[in-house]
*Asks:* 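Just dropping this structure here.
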Amino acid sequence: MDILRTEGLTRQYGSGQTMVTALDHVDLQVERGQFVAIIGASGSGKSTLLHLLGGVDRPDGGKIFVEDVDIATFGEERLAQYRRRKVGLIYQFYNLIPTLSVKKNICLPMLLDNKEPGKERFDDIVRTLGLGDRLEHLPGQLSGGQQQRAAIGRALIYQPAILLADEPTGNLDRKNTEEIVSLLKLSNRQYKQTILLVTHDENVALEADRIIKIEDGKIVSDKAV
Amino acid sequence: MEARSGGQGGIAMNIIREYSLDQVRKNRRTSVSIIVAVLIASTFLCTLFVFAQSFWNQMVQQEIYIGGDWDAELMDVPAGRLGMVRDNAGVKAMFVKGDNQTAFLPEGTALPRLLIQNCDSGYWDAMYEKNMLLRGRVPQASGEVAVSKDFFLQNPAYGIGDTLAVEMVSNVRTHMEENRQKDAASLTIVGELDVSVSSGYEGYLAYGFMEPEALSPEREVAVYLQMERRGKVYTAVPQIAEAIGLPKDEYGDYPCRYHAALLAWHGVYAPGSFFRSDVPKLFLGLVLAAGASMAVFAYIIRGAFGISAKQKIHQLGILKSVGAGPKQIGRTVIYEACILSVIPILLSMILGYLFSFGVLSVYSGMISEVFGSRMEVSFSPAAALMAAVLSFVTVLFAAHGPARQMSKVLPIEAVRGEQYGIAMWGRTSKKAKSHPILAKHFGFLGEIAANSVNAGKNCTIPAW
C-alpha cells in the first residue's frame, strides 16, 4: 500500500530566461515501511523532491499524496501540523536550535504542539541514540555525530509515518556515517517507518531497499536493491 | 502513541516563549538597541501625555478659579423647593446664592447703600468670589459682609472689623422700590473684595452670608449644581427643573444655564455645540501628535526588530521545518517585543515625568511673567497608563511587520539562508555594525537606520 505518491510534481526556480526546473513532472510511489535512497548529481533535484515531500517547500505543479491526502493543497497552519506530526526531517547540517538543550531539541516537534513525549518512548529513543548523558548540553557542546543523532531523535520523537533525510551523513566521517545509517535502518525496522534518504554516497544508498536516481529533475532509474 | 500535554519535567512550557527569551539574552546588542528605541519612544509619549495632562489640569483649575466649580445653575428657585433639588439622585452638591438685600448706609458715606448678595457656605467654598478677597475673610455668619474695595477707597474712615448701623430692605432690585419697609440692622465688615458695580446703582457691591433653611419658602434664589454624572447634565437639569415645578420661559426653556467652558474641558457639550468648542480641536491635536509620534517611532523600532528577525531567520526556518506554524513564528517576534518593552516602558514613566517637570518648570517660569500664574506639572496614573498602553501598542505595531514577514517565509528558504549569506547563529553571526559617523551626527537613530539598511542587503527575503 502506498504511503506516499506524487503525480506530475514540478518545481521551478527563478523566472524568464533564468528559470530553472528543479523537478520536472515527477511521478513516484513509495510503499509504507520502505527504505528508499535517492541519488543523483548535485543540482539534479533530489533535495528539492525531499523538501516538497516534507512540506517545507511548495510545488509549482502536481500533487503530493501522503496517506491519500494531497498536502499540496494544505494551508500554512495545516502544513505546519503535517510537518510536526507526519514527517521527520533530517538535514546535512543538523539544524538544531543552538539555544535549546539537546532534550528540548529532541522534543521540539511535540513541544510545538504543547505536548511532551511519553517517558518510555523518550528514554527508548535517547538510549538508542546514545545521548543519555548529553541531554542537558547545548548542541554546540556536542560532536557532529552527536548533533546528527539529536536531529534524528527530533525526527523520530513524534513517531512520524515518514522520515526524510537530506544527506544526513554528508558532514560526517566514516564511523559516524555507519552509525547514523544503522540508526536509520533500526528506526525503519523497529518503528516501521518509511524512510527516504537523499545521498551522494553509493555505499549508503546500497543499505536501502530501493534506489531512485534523479537527473535534471526527472527520475531516470528506480531499482530495488 | 504515548504523549501528553504539560507535566514531565516542565519542559512543555511554552517553547516559543522560552526560545524568544533565549534569543533576547543571546542577541544582547540588538536587544539593547530595541530597548533604547522603545525607551525613547515611550519617554516621548509619556512626556506628551504629562504635558497634555498638566495643560488640561491647568485649564480646568483656571476655569474653576475664574468661574467657580459648578456644572449648572437653576434660577428663580423658591427656597421651599431647595430640599427637592438637594435630594435629587443626580445632584452631587448644591450651592445657593440670592436673598439679595439693600442696606442703606449711615449718613456721611460717599454712596448711600450696600447692594448685598447673600451666599451659603457651600457657595463660598466652591465659587470664584472668594478668590477676589483682598483682605480679611469671607462672611461666615449672618450679619457679616465682605464689601467692595470702592467702599474703602471712598470711605477711608471705615476698616475691616467695623460695624455699620444700616437699614435693610430685602429683595430690592431697583431704587424705585425705596419706599418698602426698612428694618434697622447692624453689619460687620469682615473682608474686602476686588469687585465693583456700575455707578448707576449708586451703591457698593457686598457679599453676605445666609442659611438657606432660614429663608422664607417663597423667596427665590439661584441654585448652583454639581452633578453626580457630569455627562448627563444637559438632560438631567431640565428634568430637575420640571420636577420642582419651575415654569418655562416664552421660548419653552427652563430658567437654567450651564458652565459650558468647564463642562467642555470634561468632554461634555450641549447638543450641537461640539464643533464650536476649542477643546475637541485641542484633543484632536493631541491625538494627531500622539498618532504621528507613534507612527514615527514604530517605523524606527520596526527597523530594529527587522534586524533581530533577520539575524535569526535560519533558526526560525528550523522551527518551521519541524512544525512551527506561521502564528508561532510570528509570536517569536511578538514575544521578543513584549520582553524588551516592559522595562523601558516602566522606566519611561519616571523619565517622562522628570523631563516634563524640567521643561514645564522652565516654561512656567517664562509664562508666569506674562500670565501671572504658573503651570504645575501634574502626574496622573491615568495619563501614565495611557502612555504605557500606547507605547506598548507602538512596539507591537512595530514588531507586527517583521513578525508577519517571518511567518510568510518558506521553511526551506529560511533554512537555506545560511548558504546564501543569511546569518547563522554562532558561525557568521551578522551583528549590527557600528557607524561612528552616523552615530555622531544623527545619534542612536542614525545608527539604527544604517543597520536596518545594511541588514536589508544580501538577504534572500524581501526587505521590509
Side-chain angles (χ1 to χ4, degrees), chain A residues 47-48 50-52 54-58 75-91 93-101 103-122 135 138-140 151 154-155 157-160 164 166 191, chain B residues 1-27 312 314-332 404 406-420 423-427 429 460:
Chain A
S47 288
T48 301
L50 207 72
H51 295 146
L52 290 173
V56 294
D57 198 3
R58 291 280 200 177
E76 281 299 318
E77 283 296 343
R78 196 166 172 206
L79 199 59
Q81 193 181 62
Y82 164 79
R83 289 193 295 266
R84 229 161 30 228
R85 298 176 183 176
K86 290 286 180 185
V87 290
L89 268 163
I90 303 164
Y91 298 95
F93 291 107
Y94 331 127
N95 285 340
L96 300 170
I97 300 292
T99 55
L100 297 179
S101 67
K103 183 178 184 180
K104 284 178 183 167
N105 264 291
I106 291 173
C107 297
L108 196 52
M110 298 198 81
L111 295 178
L112 289 170
D113 244 351
N114 282 322
K115 291 178 182 170
E116 281 184 15
K119 187 174 185 322
E120 196 177 323
R121 175 165 177 77
F122 180 77
L135 292 178
L138 293 176
R154 182 180 65 190
I157 196 70
Y158 227 130
Q159 207 168 338
L164 304 170
D166 186 7
Y191 301 123
Chain B
M1 163 170 191
E2 189 189 352
R4 57 187 179 176
S5 298
Q8 186 192 322
I11 64 168
M13 66 175 281
N14 192 321
I15 193 71
I16 294 296
R17 201 178 304 156
E18 184 182 344
Y19 170 77
S20 304
L21 189 59
D22 283 342
Q23 293 305 306
V24 167
R25 288 194 192 115
K26 295 287 180 183
N27 279 319
K312 55 179 188 254
H314 175 73
Q315 290 178 44
L316 295 179
I318 295 170
L319 282 174
K320 280 195 107 173
S321 72
V322 297
K327 286 178 187 166
Q328 287 175 310
I329 295 298
R331 230 174 278 154
T332 63
R404 204 161 57 101
M406 281 296 119
S407 66
K408 281 182 178 175
V409 177
L410 276 172
I412 195 61
E413 284 179 356
V415 170
R416 279 174 175 165
E418 63 174 303
Q419 298 163 25
Y420 293 94
M424 181 182 172
W425 185 273
R427 290 187 176 189
S429 185
T460 55

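Order of the sequence lines fixes the chain letters, A, B, ..., with proteins taken first and strands second; residue numbering starts at 1 for each chain.
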*Asks:* Taking only residues two or more places apart in sequence or in another chain, which ones pass side chain to side chain contact (heavy atoms under 4.5 Å, CB included) with B:Ala324?
*Replies:* A:Leu112, B:Leu319, B:Gln328, B:Ile329

*Asks:* How would you list, in number order, the residues of residues 77-87 of chain A that have a heavy atom less than 4.5 Å from chain B?
*Replies:* A:Glu77, A:Ala80, A:Arg83, A:Arg84

*Asks:* Mind checking the OH-CD1 spacing from A:Tyr94 to B:Ile318? Nearest 0.5 Å is all I need.
*Replies:*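 Taking OH in A:Tyr94 and CD1 in B:Ile318, the distance rounds to 12.5 Å.
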
*Asks:* Using the side-chain contact (heavy atoms from CB on, under 4.5 Å) rule, take A:Thr99 and B:Glu18 through it: C-alpha gap first, then chi angles, then the decisive distance, then the call.
*Replies:* CA-CA 10 Å; A:Thr99 55; B:Glu18 184 182 344; over 6 Å; no

*Asks:* Sequence neighbours excluded, which residues qualify as side chain to side chain contact (heavy atoms under 4.5 Å, CB included) partners of A:Thr48?
*Replies:* A:Arg11, A:Tyr13, A:Ala22, A:Leu23, A:Leu52, B:Arg416

*Asks:* Between chain B and each of A:Ile97, A:Leu108, A:Asp57, A:Leu89, count heavy-atom pairs under 4.5 Å; write down the option with the most.
*Replies:*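 Looking at each of A:Ile97, A:Leu108, A:Asp57, A:Leu89 in turn, A:Ile97 comes out on top.
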
*Asks:* Please name all residues satisfying salt bridge (Lys or Arg N to Asp or Glu O under 4.0 Å) with B:Arg25, sequence neighbours left out, ordered by chain then number.
*Replies:*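 Scan of B:Arg25 (salt bridge (Lys or Arg N to Asp or Glu O under 4.0 Å), adjacent residues dropped) gives B:Asp22.
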
*Asks:* What's the shortest heavy-atom distance between A:Leu100 and B:Ile15, and which atoms?
*Replies:*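 Between these two residues, the closest heavy atoms are CD1-CD1, 4.1 Å.
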
*Asks:* Side chain from CB out, backbone as N, CA, C, O: work out which of these in B:Lys327 comes under 4.5 Å of a heavy atom of chain A, or both, or neither.
*Replies:* both

*Asks:* Under a 4.5 Å heavy-atom cutoff, which of B:Pro326, B:Gly317, B:Ser407 has the most pairs with chain A?
*Replies:* B:Pro326

